[in-house]
Amino acid sequence: MNRLLVKFGRHLQTAEHWLTAQISLAVLSILRHLPPDKALNFAERVARRVGPLVGRHRLALDNLRRAYPQKPQAEIEAIASDMWANMARLAVEYVFLDKLFDFDPESERPGRVEVTGIEIFKRVREEKRPHIFFTGHLGNFEFLPIAAATFGLKVTSLFRPPNNPYIADYIHGTRTTSMGGLLPSRAGAALQLARVLENDGNIGVLVDQKFRRGVRTRFFGRECETSPLVPKLARQYDCDVYPAHCIRLPGGRFRLEVGEKLELPRDESGTIDVERMAQQLNDVVEEWVRADPGQWMWFHRRWEVSRKRR
């Protein structure tokens with residue numbers, strides 16, 4: 001009887017995922033027929049109205065109050081509204097990636113996308129050694145590997161696929177048409193990233209998500225768990241680590257910022273200190289988020305900490 005219930009539950013979940021995906025993809029298909037800016041503005045208006053009605057909105061407000069205890073409630077609500085607008089735009093931008101990313105390194109005319117740190121892309125491209133780029137869920141972070149490909153820089157990006165397999169397949173198909181290598185964050189992903197670095201390749205990793213039983217660090221002054229993946233790979237291959245993130249600008253424009261390589265913390269023997277580097281990555285991301293708080297996903301359970309080990 002229990003097996004039958006489990007099997008029925010799985011079929012029910014599959015049906016739910018399929019139905020959700022069909023509705024979502026149908027909406028995206030309709031929006032695809034609109035001019036990009038009209039579709040994005042429409043999605044933003046809907047998100048600002050619907051976002052405060054979902055359960056995750058309360059979590060976002062709680063996280064914002066803890067991160068900014070000095071801010072008045074009205075400002076907290078405004079940041080949360082900007083967050084939902086950002087997430088809606090990100091979702092719809094998947095169907096317009098080919099139209100929105102118009103950066104041309106050879107053109108003197110400014111476009112929708114601007115890039116700072118072009119010389120870094122070019123320098124890394126010519127170096128025959130491994131590199132790591134890290135970023136966070138800000139603005140449209142999907143533009144970063146597209147920008148790297150524009151400069152002939154191949155980057156294998158680690159990403160977490162959505163729980164809905166039908167939506168995950170759609171997003172993966174959309175990404176692979178315009179980006180470099182993509183690697184889902186599943187079992188064996190760390191080994192595959194290590195192989196890329198062994199062959200003097202480049203990888204890109206998002207570092208601002210909760211990682212169960214990860215390195216204990218702090219983010220906005222609160223304890224959290226951070227993945228040790230990037231610090232461990234940097235330590236093993238002694239490769240340079242570069243910060244990169246995307247910022248939304250007024251008028252539906254974007255700025256991609258690639259910073260100089262970090263000075264990584266090391267112990268007395270000269271080996272990279274994993275825990276201190278994990279905190280260093282958090283500090284960089286926190287600086288980005290503080291500069292543009294409405295462009296980060298505050299509804300994520302970033303500060304949910306696992307029970308302490310013995």
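This one's a predicted model, so the numbers in the text were calculated from it and none came from an experiment. Throughout, residue positions are numbered sequentially from 1 according to the sequence presented.
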Residue pair [X] / [Y]: nearest heavy atoms and the distance that separates them:
| X | Y | value |
| --- | --- | --- |
| R112 | D102 | N-OD2, 2.7 Å |
| A244 | L144 | O-CD1, 3.8 Å |
| A88 | A43 | CB-O, 3.5 Å |
| G51 | H57 | O-CB, 3.4 Å |
| R125 | L153 | CA-CD1, 3.7 Å |
| P130 | C239 | O-CB, 3.1 Å |

Taking only Lys NZ, Arg NE, NH1 and NH2, and the carboxylate oxygens of Asp or Glu, determine whether R129 and D240 approach each other closer than 4.0 Å.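 Looking at R129 and D240, the cut-off is met.
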Interatomic distance, [X] atom [atom1] to [Y] atom [atom2] [nearest 0.5 angstrom]:
| X | Y | atom1 | atom2 | value |
| --- | --- | --- | --- | --- |
| R276 | D283 | CZ | CG | 12.0 Å |
| H245 | L206 | NE2 | CG | 13.0 Å |
| F134 | L281 | CZ | CG | 5.0 Å |
| R49 | R45 | CZ | CZ | 9.0 Å |
| Q209 | C224 | CD | SG | 12.5 Å |
| N199 | R195 | CG | CZ | 9.5 Å |

Pairs of donor and acceptor atoms involving the side chains of residues 113-122, under 3.5 Å and at least two apart or interchain, shall be tabulated with distances.
| from | atom 1 | to | atom 2 | distance (Å) |
| --- | --- | --- | --- | --- |
| E114 | OE1 | R253 | NH2 | 2.8 |
| T116 | OG1 | L256 | O | 3.3 |

Stepwise side-chain contact (heavy atoms from CB on, under 4.5 Å) check, Q70 with Y68: CA-CA 5 Å; Q70 77 284 3; Y68 298 103; 3.9 Å; yes
Side-chain heavy atoms of [X] within contact of [Y], under 4.5 Å:
| X | Y | value |
| --- | --- | --- |
| N63 | R222 | yes |
| N140 | L100 | no |
| R290 | E286 | yes |
| F151 | V124 | no |
| W303 | E223 | no |
| L64 | K71 | no |
| F211 | P228 | yes |
| F101 | E142 | no |

Are more than 12 heavy atoms, taken from residues, nucleotides or ligands other than [X], located less than 6.0 Å from that residue's [atom1] atom?
| X | atom1 | answer |
| --- | --- | --- |
| E268 | CD | no |
| E127 | CD | yes |
| K261 | NZ | no |

Applying side-chain contact (heavy atoms from CB on, under 4.5 Å) to V241 and M277, what does each step give before you reach the verdict? CA-CA 11 Å; V241 178; M277 182 178 169; 3.8 Å; yes
Do [X] and [Y] land in one hydrophobic cluster if side-chain heavy atoms of ILVMFWY residues count as linked below 4.5 Å?
| X | Y | answer |
| --- | --- | --- |
| L249 | I79 | no |
| I247 | I146 | no |
| L59 | L61 | no |

Candidate list L262, V258, V285, test side chain to side chain contact (heavy atoms under 4.5 Å, CB included), partner P243, passing option: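 Filter result, single survivor: L262.
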Of all residues at least two apart in sequence or in a different chain, which pass the ring-ring contact (aromatic ring centres under 6.0 Å, His included) check with H131?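 With neighbours one apart ignored, the set is empty.
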Partner residues of F299 under the side chain to side chain contact (heavy atoms under 4.5 Å, CB included) criterion, sequence neighbours left out: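 Side chain to side chain contact (heavy atoms under 4.5 Å, CB included) check on F299 returns R56, A60, M83, W84, M87, M297.
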Residues that N86 engages under side chain to side chain contact (heavy atoms under 4.5 Å, CB included), provided they are two or more places apart: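 N86 satisfies side chain to side chain contact (heavy atoms under 4.5 Å, CB included) with R248, Q295 only.
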I'd like a table of donor-acceptor pairs (distance under 3.5 Å, sequence neighbours excluded) in which one partner is a side-chain atom from residues 229-238, with atom names and distances.
| from | atom 1 | to | atom 2 | distance (Å) |
| --- | --- | --- | --- | --- |
| Y237 | OH | A194 | O | 3.4 |
| Y237 | OH | E198 | OE2 | 3.1 |
| D238 | OD1 | R266 | NH2 | 3.1 |

Test N282 against R302 for side-chain contact (heavy atoms from CB on, under 4.5 Å), laying out the working first. CA-CA 11 Å; N282 274 8; R302 182 68 181 94; 3.4 Å; yes
For F141 together with W288, are the ring centres under 6.0 Å from each other? no
Residues that Q73 engages under side-chain hydrogen bond (donor to acceptor under 3.5 Å, both in side chains), provided they are two or more places apart: R65, E77
D62 and R66: CA distance, side-chain angles, deciding distance, salt bridge (Lys or Arg N to Asp or Glu O under 4.0 Å) verdict: CA-CA 6 Å; D62 181 63; R66 291 169 180 256; 3.1 Å; yes
Please report the C-alpha distance between T226 and F219 in whole Å, then the side-chain angles of each, then the deciding distance to 0.1 Å, and finally whether the side-chain contact (heavy atoms from CB on, under 4.5 Å) criterion is met. CA-CA 9 Å; T226 298; F219 189 59; over 6 Å; no
